Amino acid sequence: MEGETGEKGSVCGSSEGDVIGEMMEVIENVGSYVGFRRTQRKESLNLVRRLKLLVPLLEELRELGTAAVSGEALGCLARLKKALVSAKKLLKNCNYGSKIYLAHESEAVAVRFHAVYDKLNQALDDLPYNDLGISDEVKEQVELMRMQLKRAKRRTETQDIELAMDLMVVFSKTDDRNADTAILERLASKLELRTVADLKVETVAVRKLVKERAGLSAEASQQIVELLGKFKKLAGMEESSVLDGPVLSRNLQKCPSLVIPHEFLCPISLEIMTDPVIVATGQVISYELYESFCIILAMLSTVIQSDIVFPGILKTYERESIQKWLDSDHHTCPKTGQTLVHLSLAPNYALRNLILQWCEKNQFELPRKDIKAGSNGSSIQVKQKISSLVQNLSSSQPDVQRKAIMKIRMLAKENPDNRIRIANRGGIPPLVQLLSYPDSKLQEHTVTALLNLSIDEANKRLIAREGAIPAIIEILQNGTDEARENSAAALFSLSMLDENKVMIGSLNGIPPLVNLLQNGTTRGKKDAATALFNLSLNQSNKSRAIKAGIIPALLHLLEDKNLGMIDEALSILLLLVSHPEGQTEIGRLSFIVTLVEIMKDGTPKNKECATSVLLELGLNNSSFILAALQYGVYDHLVEIMRCGTNRAQRKANCLLQHMCKCEHIPWNFNVGA
């Protein structure tokens with residue numbers, strides 16, 4: 001049982017008392033939160049990042065699970081678990097809670113963050129590291145986390161004065177500006193409560209808040225309800241009391257405690273999308289270009305841990321909903337009213353993968369939809385065709401096999417239902433076997449077919465279980481250029497599952513990806529970058545990537561402006577900079593000079609990423625900041641504070657504050673030089 005202590009006990013095991021496993025699960029759960037409210041977003045993301053620093057400690061404790069541990073140590077671990085549970089409760093509130101409430105009670109929420117920092121520090125301070133046999137490297141990482149927690153407690157975040165003043169005005173009964181449209185619009189924008197979908201989700205959160213009260217006064221509850229009503233009126237929604245019946249989609253009714261990110265909801269049905277597709281408005285864009293863009297966008301959104309934003313020319317809908325719209329003789333985008341350049345629908349693979357990841361993390365089951373027959377034939381005919389093709393994969397005639405692979409490759413690319421049908425007809429095992437066939441073109445078509453099939457979540461597991469990963473890595477090393485590119489893309493797709501990240505890393509899949517990043521075609525470099533980014537989300541893979549020489553390769557990408565891969569390189573660096581080996585490599589003088597140049601001349605997104613990397617470096621070693629100052633970073637930070645992106649401004653502000661606290665930095669020299 002949890003909390004049991006005797007003279008001796010086991011730290012971990014397969015029982016329900018697996019304290020280590022429970023703590024790792026807590027950290028994994030909070031790492032899946034992607035919707036932190038704007039008023040607490042920075043503090044929440046920082047806390048999540050710090051909690052992840054505990055993973056090596058917990059992994060090491062799990063490896064030592066056979067050793068006897070004192071009752072004192074078990075008590076310390078129980079206190080650490082209690083602190084982690086408190087952190088999860090706070091972060092969950094900041095992720096799913098009412099945006100209005102969290103802004104209204106921002107000072108009280110800040111106090112709760114400080115209380116969590118104290119609990120974590122106390123629990124970590126009490127741990128008998130030497131008795132537990134913890135390595136020096138892990139002890140240093142824990143100490144780093146503790147230093148960051150202490151620094152966070154001392155630091156007072158810059159308050160959004162305009163937001164605070166606007167809230168004071170709208171909540172005031174005597175200020176005649178409390179219904180001023182300009183103030184309400186500004187507040188709605190700052191709180192991200194402008195769309196119908198956002199307001200529906202906020203209605204659920206406010207209703208839950210009012211029901212539970214949670215120490216909130218009746219007057220404060222009424223103020224929050226009234227402000228939500230004003231926002232809804234501003235958005236043109238029908239007036240309805242928050243306390244009346246539910247204003248939810250069917251899925252949210254089934255699970256009212258779970259707030260689905262609005263990016264995952266179809267703008268037409270307001271239900272979570274199971275088959276998201278895109279329509280093009282404003283200009284023609286190829287599917288290949290869109291898919292490449294979306295993968296990179298999904299990659300960057302994971303690093304930044306901010307809301308997913310898709311480009312203005314592309315709108316995403318549930319296939320069934322938008323198809324009904326188009327079948328009703330509409331030729332415009334339902335959301336923007338723009339005329340559609342063409343009526344073709346392209347699968348939004350990146351968004352679907354993100355939805356599936358979110359569902360897996362939150363144990364949310366997507367509604368199952370019947371597979372419908374396409375316009376080119378009945379479902380029975382398609383099944384028969386697929387069955388015949390799967391049989392031909394085992395033919396003794398290479399030409400028959402090759403034609404079958406190419407047709408399966410196209411079927412899997414065109415239709416998500418076909419991916420399920422091909423897997424259900426047993427198509428994956430023979431394809432995996434054909435990866436080892438001594439014909440480079442056949443290997444190329446086979447790995448591409450598996451790439452297309454791997455877009456389906458269940459197929460990711462099946463492909464890995466059938467032993468495809470070693471063969472894909474072999475093709476990545478020795479295949480044709482296109483086969484190597486698609487092998488890297490396949491590893492990226494498979495690595496969406498955490499267990500596959502571990503498998504790819506342990507099977508030495510990272511060195512050939514780094515080689516492709518260094519020596520591949522432009523497309524190969526991009527495919528390698530997306531795969532390496534995803535794999536580097538795993539702590540063990542960070543070390544593997546650094547040892548494989550990824551950091552010099554990334555420096556080359558930063559210096560070669562023609563490749564157009566600066567954002568990708570910086571995104572990977574932002575992951576690696578938290579690793580001790582990565583800090584040493586990235587902190588070399590040539591890297592600092594390049595980062596400063598990007599902060600001066602890069603695009604707004606370039607500057608944002610470069611500032612984030614330098615901040616992470618500086619928080620761990622102030623000598624890096626001193627080096628950057630010698631190359632004129634101060635003036636560039638001031639400029640970013642003036643006109644950078646919102647996130648870049650926050651990072652620049654943190655960096656400038658940290659500079660002021662660094663006692664050994666001589667502020668009497670010309671910082672602008």
Side-chain angles (χ1 to χ4, degrees), residues 286-296 298-299 346-347 349-350 352-353 393 401-416 418-419 422-423 427-428 430-456 459-460 462-464 466-497 500-501 503-504 507 509-535 565 568:
S286 71
Y287 293 171
E288 291 78 7
L289 177 60
Y290 169 73
E291 288 172 20
S292 298
F293 177 84
C294 238
I295 287 173
I296 293 168
M299 190 175 100
Y349 300 136
R352 177 169 169 77
N353 272 328
L393 292 175
Q401 286 181 310
R402 184 177 291 105
K403 288 177 182 177
I405 294 168
M406 293 177 67
K407 287 180 180 177
I408 286 175
R409 170 182 173 174
M410 295 311 298
L411 284 169
K413 180 181 180 180
E414 293 167 355
N415 191 312
N418 287 341
R419 297 174 204 131
I422 292 165
I428 289 176
L431 282 171
V432 172
Q433 292 174 10
L434 286 167
L435 286 172
S436 303
Y437 193 87
D439 180 308
S440 59
K441 289 304 290 183
L442 191 140
Q443 286 181 348
E444 178 185 309
H445 291 307
T446 303
V447 78
T448 309
L450 286 168
L451 164 62
N452 295 339
L453 288 167
S454 72
I455 295 165
D456 181 81
N459 288 350
K460 288 180 181 11
L462 184 55
I463 291 168
E466 289 295 327
I469 289 176
I472 293 173
I473 293 171
E474 177 67 25
I475 295 172
L476 176 63
Q477 291 174 307
N478 302 309
T480 64
D481 283 346
E482 186 174 346
R484 294 178 71 205
E485 293 162 2
N486 290 339
S487 294
L491 291 179
F492 164 72
S493 179
L494 294 173
S495 69
M496 287 290 184
L497 299 183
N500 289 347
K501 288 184 179 73
M503 190 183 303
I504 293 166
L507 291 170
I510 290 177
L513 284 170
V514 173
N515 180 269
L516 184 62
L517 187 68
Q518 291 172 315
N519 305 310
T521 63
T522 300
R523 183 188 159 191
K525 291 177 187 287
K526 290 180 181 292
D527 288 329
T530 55
L532 286 165
F533 170 85
N534 218 34
L535 289 167
M565 292 183 63
E568 293 94 316

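Quick caveat, the model's predicted, so the values are computed rather than measured. These numbers come from the heavy atoms of this one structure, side chains and all, not from hydrogens, waters or symmetry mates.
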Within the 4.5 Å heavy-atom criterion, are Leu513 and Leu517 side-chain neighbours or not? no

Closest non-hydrogen atom pair, Lys501 against Ser495: NZ-O, 2.8 Å

Roughly how far, to the nearest 0.5 Å, is CG of Leu435 from CD1 of Ile475? 4.5 Å

For the CE atom of Met406 and the OG1 atom of Thr446, what is their distance to the nearest 0.5 Å? 11.0 Å

Side-chain heavy-atom pair Met410, Asn418 within 4.5 angstrom cut-off: no

side-chain hydrogen bond (donor to acceptor under 3.5 Å, both in side chains) against Asn452, all qualifying residues, sequence neighbours excluded: none

CD1 on Ile472 to CD1 on Ile504, rounded to 0.5 Å: 8.0 Å

Closest non-hydrogen contact found for Glu568 with Ala529 is CB-CB, 4.3 Å

Short question: side chain of Arg419, backbone of Leu453 - any donor-acceptor pair under 3.5 Å? no

Within this structure, what is the CG-CD1 distance for the pair Leu451 and Ile463, rounded to the nearest 0.5 Å? 8.5 Å

Which atom names give the shortest non-hydrogen contact between Glu485 and Asp527, and what distance separates them? O-OD2, 3.3 Å

Nearest 0.5 angstrom please: Ile428 CD1 to Ile408 CD1, how far? 10.0 Å

Whether over 12 other heavy atoms sit under 6.0 Å from Met503 CE: yes

Counting distance only, does the side-chain N/O of Lys525 pair as donor-acceptor with the main-chain N or O of Gln518 below 3.5 Å? yes

With Asp439 via side chain to side chain contact (heavy atoms under 4.5 Å, CB included) - residues at least two apart: Arg402, Tyr437, Lys441, Leu442

Taking atom types as modelled, find out whether Thr521 and Asp481 have a side-chain donor-acceptor pair closer than 3.5 angstrom. no

Could you pull out every donor-acceptor pair under 3.5 Å between side chains of residues 486-494 and any protein atom, sequence neighbours left out?
from: Asn486; atom 1: OD1; to: Arg523; atom 2: NH2; distance (Å): 2.6
from: Asn486; atom 1: ND2; to: Thr448; atom 2: OG1; distance (Å): 2.8
from: Ser487; atom 1: OG; to: Ala483; atom 2: O; distance (Å): 2.7
from: Ser493; atom 1: OG; to: Ser454; atom 2: O; distance (Å): 3.3
from: Ser493; atom 1: OG; to: Ser454; atom 2: OG; distance (Å): 2.8
from: Ser493; atom 1: OG; to: Lys460; atom 2: NZ; distance (Å): 3.3

Atom CD in Glu444, atom CD1 in Ile405: separation rounded to 0.5 Å? 11.5 Å

In short, Glu466 meets Val432 closest at the heavy-atom pair O-CG1, 3.5 Å

Between Gln477 and Arg484, which heavy-atom pair has the shortest distance, and what is it? O-NE, 4.4 Å

Side chain to side chain, Asn478 and Glu474, heavy atoms closer than 4.5 Å: yes

Please find the pair of heavy atoms, one from Leu393 and one from Gly427, that lie closest to each other, and give the distance. CD1-O, 3.8 Å

